[in-house]
Every structure is written in C-alpha cells, then in structure tokens.
**Q** 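First, the structure itself, so that you have it in front of you.
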Amino acid sequence: MLIIAGAGSGKTRALTYRIAHMVHERKIPPDSILAVTFTNKAAGEMKERIAKLVGPLGRKLWVGTFHAICARILRADGEAIGVPPNFVIFNDSDQRALIKQALSVLDIDAKEYKPADIHFAISAAKNELMSPQEYRRGRRGPFDEVVQRVYGRYQSGLRANAALDFDDLLMRTEQLLREQKGVLAKYHERIKYILVDEFQDINHAQNEFVRLLGQKHQNVCVVGDDDQSIYGWRGANIGLILDFERRYKDAKVIKLEQNYRSTQKILECAYEIIKHNEDRRDKKLWTQNRPGDNLVQYEAVDAEQEAEWVAETIRTQVNCQLATYGEYAILYRTNAMSRVFEEGLMTYRIPYEVVGGIRFYERAVIRDFIAYLRVLYNSADGVSLRRIINVPARGIGDKTVSHIDRLADANGLTMHETLAVAAKDENLQKRARSAIADFAEILASLREKRESLTLTEFCRAVAEDTGYLRALENSDNADDAIKAENLKEFVSLAQRFEQVHEQSDLGAFLEHIALLSDLDQAQEIDSKVSLMTLHSAKGLEFPIVFMVGLEENVFPHQRSMGDKHELAEERRLCYVGITRAQHMLYLTHAYRRTIFGAPQNMKPSRFLSDLPDELIDRQVDLSNLMSSSVLGDEGERAEMEIGGRKIDMTQLLSRVQENGAKARERSTALPEEPEEKPKREAGKSREARRKRAEAAAKRAGQRKRKAVEAAPQSVSEVTYKSGERVKHTKFGEGIVVQVKGEGSNAELTIAFATQGVKRLLADVAPIEKV
DNA sequence: GGTTATGGATTTTTT
DNA sequence: ATCCATAACC
C-alpha cells in the first residue's frame, strides 16, 4: 500500500492506527511487524503513540530507524559476510580522519582533493550500493579516479579498524540479505509486515533493504509526500516512491488530502509556493479549519534587528497571554543562523531550546572519551586509539606515533598490538618507550576492569585512570574546567542509560550514542521557544512559526542556485516550513546579514514574492530606510521603492509616530541596569549557554556604551536620529533616514514628502525638528 | 615534545 | 567570527 499523505493530513496517525488495527482486530503478533523511520525522533514518537494505542503488547513491535535496525541485524548475523559482531560505528569525523589517512598513504594532496568532497562522493556511491570497483562505471575524471582509489583504501581502513560507517550499515545489510539466503529466510520468517514512514526520503540502499525483506510476504505499507522530499542531497530519490507502484503490482494507492493542522490562509500560501515545481503529483490540500489571520512579513535592516523583532513579538504576545513560549518555533535554513536569534531571545529573557546544532556528542572532550571507550571495546579501532594516544599529553607525539604506525605495518599488527612491540623498540627514545609502556599498561588494566564493573563504574574508572579528568581539573585553562564538567555529565549520562535500558553493556551504550546524536533533547520543551533548521522541523508542528532569513542566497541557499533540481528542493523545503504552522506564520528577512564575519547586502527571497499580496500583511519598519541601497531617488510623487514595492511617502509619514514610539520603547527596553543574565536551563550545553550569554551581555554592554557616546556632547547642539521628523524651510516635511557623522558635522539623508530624497548637512540646512 | 602564534578556509541540510 | 593546520618558539 502506498499512502500519499500531504502535510498535516495525519500521516503518523494513519500509520499508528493501522498498526493498532493489525494487532487488535487482525490478531497479528506484534513481533512480526517492522516499522521503519528516518529519524530517532520519529521512531520515538511512533513507539510512544503505538504504546498508547496497543498497550504493553506494543513493545514487542520492531520500530526504529533504518540505521538502527540494520545495525541490529548486522550484530546478530553479520559475521556470515565478515562483519565483526563488535564493530564500532564511525561517525563523520572518524570517517574524515580515515579519509585523510588514506590520502596521505596514497600521497594525494588533501588541498587539491578535499576530504569533505571525497567523503561525499564515497557516501553517495555507497547509497547507490556501489563498490570501489564499480565506482567508475561511466565516470572518468581525475577526481573520480582519486575517489575510487581512496574509496578502496578507505574500505580496507574500516575493515582494519573493525568499523562500519553509517552508509555501511545499509550497504552491508543489503549485501547480507542478498547473499545469504538462510539469513534472509530467517528474517522473512520473523518479519511479515513492513511499514515505512517518510518514504519520499528513501535512497537506493534503503529501498533495496525494504524490497528484500518484503519480497516474500508482499505486505509493505509506505507513507510519503513527494512535496516534502528534502533529502535529495543525501541520496534520496523521489523516483522510488513512483517506482513503488510498479514494483508491487497490486498496490493500493491512497491519497490523504485533507489537512487538519493549518489555517486556510497558511495552506493557500504553501500551495502558492509548491505549485511552481514541475514533476510533482498535482494535489491541493484542503481544510475545514478556519481561514485564520493573514501571514505577517517583516523586513529588517539587519539580522540583529530581525532577531530583536522576533523576540519582541514573542514576548509581547506571551505577556498578553496570547500564547506560551512552547508554542513558538523559529525556523532557519542553516544552523549558523541560530546564534543571532539566541542572542535576541536572551536579551528579552525568553527561554528557548536549540534543537540539533552543535551537539553534545560532537564536542572534542566527549569524542575523546568515547574514543577511549571504543578502544577498550574494540582494540582494532586504530582511529580512536590515535585520537587518544596522547590525550592527555603523555609524551607520545607525532613522531612517535608515526613510528608506531610503521611498526604496525611492518608486522601486520593492529596499532594497539604494536604498543607492546614499540615499548621495547630500541629505535625509540627511552622517554617515548616508557610513555608507551605506561599507556599500554593503563589500557590493559582498564580492559581487565571492564569485566567486573558496571557501565557507570567503568566510565568513571576510564575518566580517572587515564588521567584525563585530572588533567582537565588541574589545568588553569578556563575552558578545561568546562570540559571536566562535560566529562562528568557524560558519565552521568551513561548512568541514566544504564538505568533505562535492560541491555546496558558497553557495546549497547556505544551503539546507542553512535546512532542517537541528539539524545539531550529537552524534557520540558513545552515551556520554551524551539529553534531549529527547516530540515529538523520536518514532521513537527507548532502553533506559531517564524520562518527567518528569507533572503536570496540564504534561502534558497547559494549552493542550490543555478541547479533546477536543487532549487526545486529548496522550494519543497520552504513548503515544509510553511506547513509546520498551525495558527500563525511570520516571515522575516533582513537587508544586511553578517556571513563569514563580513556584512553582506541581502535581497528578499524569491519565495516571498510568490506569496499572494492579499494573504500577507507587510510590516515595514521605517528604519529600513537607513539602508541606502533601498532608497530610490523619486521625484514629486514621493514614492519610494522598498523591497520591490512602491511605498507612498504620505503613508510612510503617517507611520512615523508609531515608529518613533517603537524606537523609544526599544531604547528603554535595552539594558539600563547591568544585564541580569537570562535564566539558564539545566541539562544540555550549560556552558555553551553560559558562553553565549556572556557574549550577549558583552554586546549589550557595547551597545549601551555606543549609545552613551552618541549622546550630544554639548546641549546646545541639535542631533538627529533616523526616523525623526523634520521640517525644511523649502522642502517641507520629511523623515531622517540616515545619519552620517556626529553632531553638527553630520550629513543627513532626508526623505521629503514632496521633494524626494536629499542629502543635507545638519549645521547648514535650514531644518528643525517637528 | 609541548605550547602558542598565525594564516587560511569555512557553512547547507543528517543517519 | 571561528575553527583548524602549520610554523615558530619554549
């Protein structure tokens, strides 16, 4: 069965009710049902909802992500194709390290062939189930040649480390099921019903996995929406959802087109965006919900103002009890954009939660510690060993390490085994030898302890015996204190894992953290504004949504420019964002944004101009006019172009009061008294939060100082600020839109109601404030 | 061998 | 603006 389910049409509900029906009405044993999702979040949610419907029986269901399920299959049966049962899972940075190693072995310049690009190519090949040998079919460039060689080397590197990468989990499972008929038969026996969520995001390897598992019983039910396919860059192939009908000849196709989530106006806008895409199944969602309010578009001068406006809007609404913080989401295109919004929210003391982004597990300390655990779990893992061989510094530097490398190569041993050899090698300095011996001793004693200790105790022992924790605590580097805290936090995380999971040995724990990257999700997310990328927002809904940074080259992203398919994907991403909103949607953009530390002029996103005027209320903050790039030199009619729209100056003038009041409000809202640091939430990234809070406080301080400096030096001088109304003896009334310089030397740019825009000197021009 | 200074690249989205 | 790799210095 193929269920084409539009956004907000109750897709997860359809899946969970189907499962409940199968269990309750059809008396199908729950352990013969497999439900597959893409994200842990989705898997968790599904488990929860099924548990509610089905009760304790539901726990026997097999629910998980593709990767988690494959890992489980490979642990159980992978040995048949040479996958070691205690394999570790390499993440991005491990993979990158291995690729760099391969590049240096093959003597290829990492500057010419970027590891990231090669990684991407290898990953793509694996998603297409292509081996290194098959890689070059139909490709013949120097880059492809390099990729092929690195790919081969990389795979043997993985093997030598007893490791699999994310893509291997899929590729090797496919291989296992394809080659080992006995294994396949075993799983056919076990799994009779397969359900797949978000089928539009499926890639070739995953599709093959489903096909092999489902081919016997032909009972496969998939749910998806081609308009929400946003993972093409990861190998997802929309074609496969179409292929489904061909593959399963008597498949039923069901369309869910009623939306239960959003207002009519929001849906209308979503449709206006998506309808521009070609090659989509034409469908139009409808709803019985109320029409709702118009969407609001806000234009800011710069990203800071944009963030401030968002924060202010949220605070005002919450203060008026129109909503609670937990009902808001701020969605942006790239993670890098979260920061400016975090600062804005902090200034207004609004509690928030960043979903995704810099993760706990990606921090250097934590990765170091995990590397220790991995080495102790799987002694073949040389990548991890290399990472921690000199952490904390113990006198085994690069020179010594490459010597060990050579020894390992020469003797055909793992790096770990080579330690014993190296400790006796006369070619090494005595100091290095004893350092190596001490290190090997630490590892050996820890490995022994592993037998008798619980997971938590063992983690504690690793932190202490390796001297890592001590080194961090004794350091006088301020950052190290934070790192020590992190380490302890990690140990208590292990403790929590041990309490929650029945199977809580080291292997299970390592797998858990390898596959679950954002375990530190908020518990009390209900009371906080959620910040996340548009990608992470897929599958979620929020009463009030801010889509921010709607600017060309940000969204649609620069890298998608010029490619029709990628632009179509950006458009789908926009569609996904809009359809997250239940009651209200705000769309914001800024004319200036700092990218890579350099301020850039930005243009409003093309997506904004696709929205129908009558559904959008545009809020143009007058200080936009400060941006001279948007000033037009209009004549008598005194029209100006702002954001591609003609604005009548008289209208503009009528807004002056409002804006002036707002500006005054804003300047008083800004810290008069020293900024009291926003309440911090316990839990994830406490110190990251602290750092950011400090940065924000600093900024606020600077801003304040600036304000003081800008104040008139002498009372006799008249100073002008943008947004103020002035009267010129000849030109009549106008608004100051830009002030260059200070005091009487200032050059003012003034927009006059009848005479257009003029540049005047403050102390010469015959003007006075109105 | 360890620590600090400097220059260059870097940011799409995720299991 | 910040992270990372390499070079210079202790």
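Note on naming: letters A, B, ... go to the chains in the order of the sequence lines (proteins, then strands), and numbering restarts at 1 for each one.
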**Q** Show the distances under 3.5 angstrom between N or O atoms of the protein and N or O atoms of nucleotides 5-10 of chain C.
**A**
residue, atom, partner, partner atom, Å
dA5(C), OP1, Lys100(A), NZ, 3.3

**Q** Quick one: list whatever passes side-chain hydrogen bond (donor to acceptor under 3.5 Å, both in side chains) with Thr418(A), sequence neighbours left out.
**A**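 Thr418(A): no side-chain hydrogen bond (donor to acceptor under 3.5 Å, both in side chains) contacts found.
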**Q** Which residues in residues 63-70 of chain A have at least one heavy atom lying under 4.0 Å from any atom of DNA chain B?
**A** Thr65(A), His67(A)
**Q** For nucleotides 8-13 of chain B, which of its nitrogen or oxygen atoms have a protein nitrogen or oxygen under 3.5 Å away, and what is each distance?
**A**
residue, atom, partner, partner atom, Å
dT12(B), OP1, Arg559(A), NH1, 2.6
dT12(B), OP1, Arg559(A), NH2, 3.1
dT12(B), OP2, Arg559(A), NE, 3.2
dT12(B), OP2, Arg559(A), NH1, 3.1
dT12(B), O4', His557(A), NE2, 3.4
dT12(B), O2, Arg333(A), NH1, 2.9
dT12(B), O2, Arg333(A), NH2, 2.1
dT13(B), OP1, Asn335(A), N, 2.9
dT13(B), OP1, Asn335(A), ND2, 3.4
dT13(B), O2, Trp233(A), NE1, 3.2
dT13(B), O2, Arg333(A), NH2, 2.8
dT13(B), O2, His535(A), NE2, 3.3

**Q** My understanding is that only residues two or more places apart in sequence, or in another chain, count here; which of them pass side-chain hydrogen bond (donor to acceptor under 3.5 Å, both in side chains) with His557(A)?
**A** none
**Q** Suppose we screen for ring-ring contact (aromatic ring centres under 6.0 Å, His included). Which residues come up paired with Phe90(A), at least two apart in sequence or across chains?
**A**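 Scan of Phe90(A) (ring-ring contact (aromatic ring centres under 6.0 Å, His included), adjacent residues dropped) gives none.
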**Q** By ring-ring contact (aromatic ring centres under 6.0 Å, His included), which residues pair with Tyr231(A), not counting sequence neighbours?
**A**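 Residues passing ring-ring contact (aromatic ring centres under 6.0 Å, His included) with Tyr231(A): Trp233(A), His535(A).
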**Q** Quick one: side-chain hydrogen bond (donor to acceptor under 3.5 Å, both in side chains) partners of Asn378(A), sequence neighbours excluded?
**A** none
**Q** Does any pair with a residue in residues 529-538 of chain A pass salt bridge (Lys or Arg N to Asp or Glu O under 4.0 Å), and if so which ones, sequence neighbours excluded?
**A**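 Residue pairs passing salt bridge (Lys or Arg N to Asp or Glu O under 4.0 Å), neighbours aside: Glu198(A)-Lys538(A), Asp201(A)-Lys538(A).
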**Q** Using the rule salt bridge (charged side-chain N to carboxylate O under 4.0 Å, His left out), only one of Arg592(A), Arg593(A), Lys603(A) pairs with Glu551(A); which is it?
**A**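 By the salt bridge (charged side-chain N to carboxylate O under 4.0 Å, His left out) criterion, Glu551(A) pairs with just one of Arg592(A), Arg593(A), Lys603(A): Arg593(A).
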**Q** When the distance from CG of Asp165(A) to C1' of dT14(B) is rounded to whole Å, what number comes out?
**A** 14 Å
**Q** What residues, two or more places apart in sequence or in another chain, satisfy ring-ring contact (aromatic ring centres under 6.0 Å, His included) together with Phe369(A)?
**A** Phe490(A)
**Q** Starting the side chain at C-beta, find the nucleotide from dG2(B), dG1(B), dT15(B) nearest to Thr400(A).
**A**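 The answer is dG1(B).
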**Q** Applying ring pair (Phe, Tyr, Trp, His ring centres under 6.0 Å) as the test, list every pair that has at least one member in residues 95-121 of chain A; sequence neighbours left out.
**A**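 Every pair satisfying ring pair (Phe, Tyr, Trp, His ring centres under 6.0 Å) with a residue in residues 95-121 of chain A: there are none.
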**Q** Considering residues at least two apart in sequence or located in another chain, which fulfil the side-chain hydrogen bond (donor to acceptor under 3.5 Å, both in side chains) criterion with Thr173(A)?
**A**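 Thr173(A): no side-chain hydrogen bond (donor to acceptor under 3.5 Å, both in side chains) contacts found.
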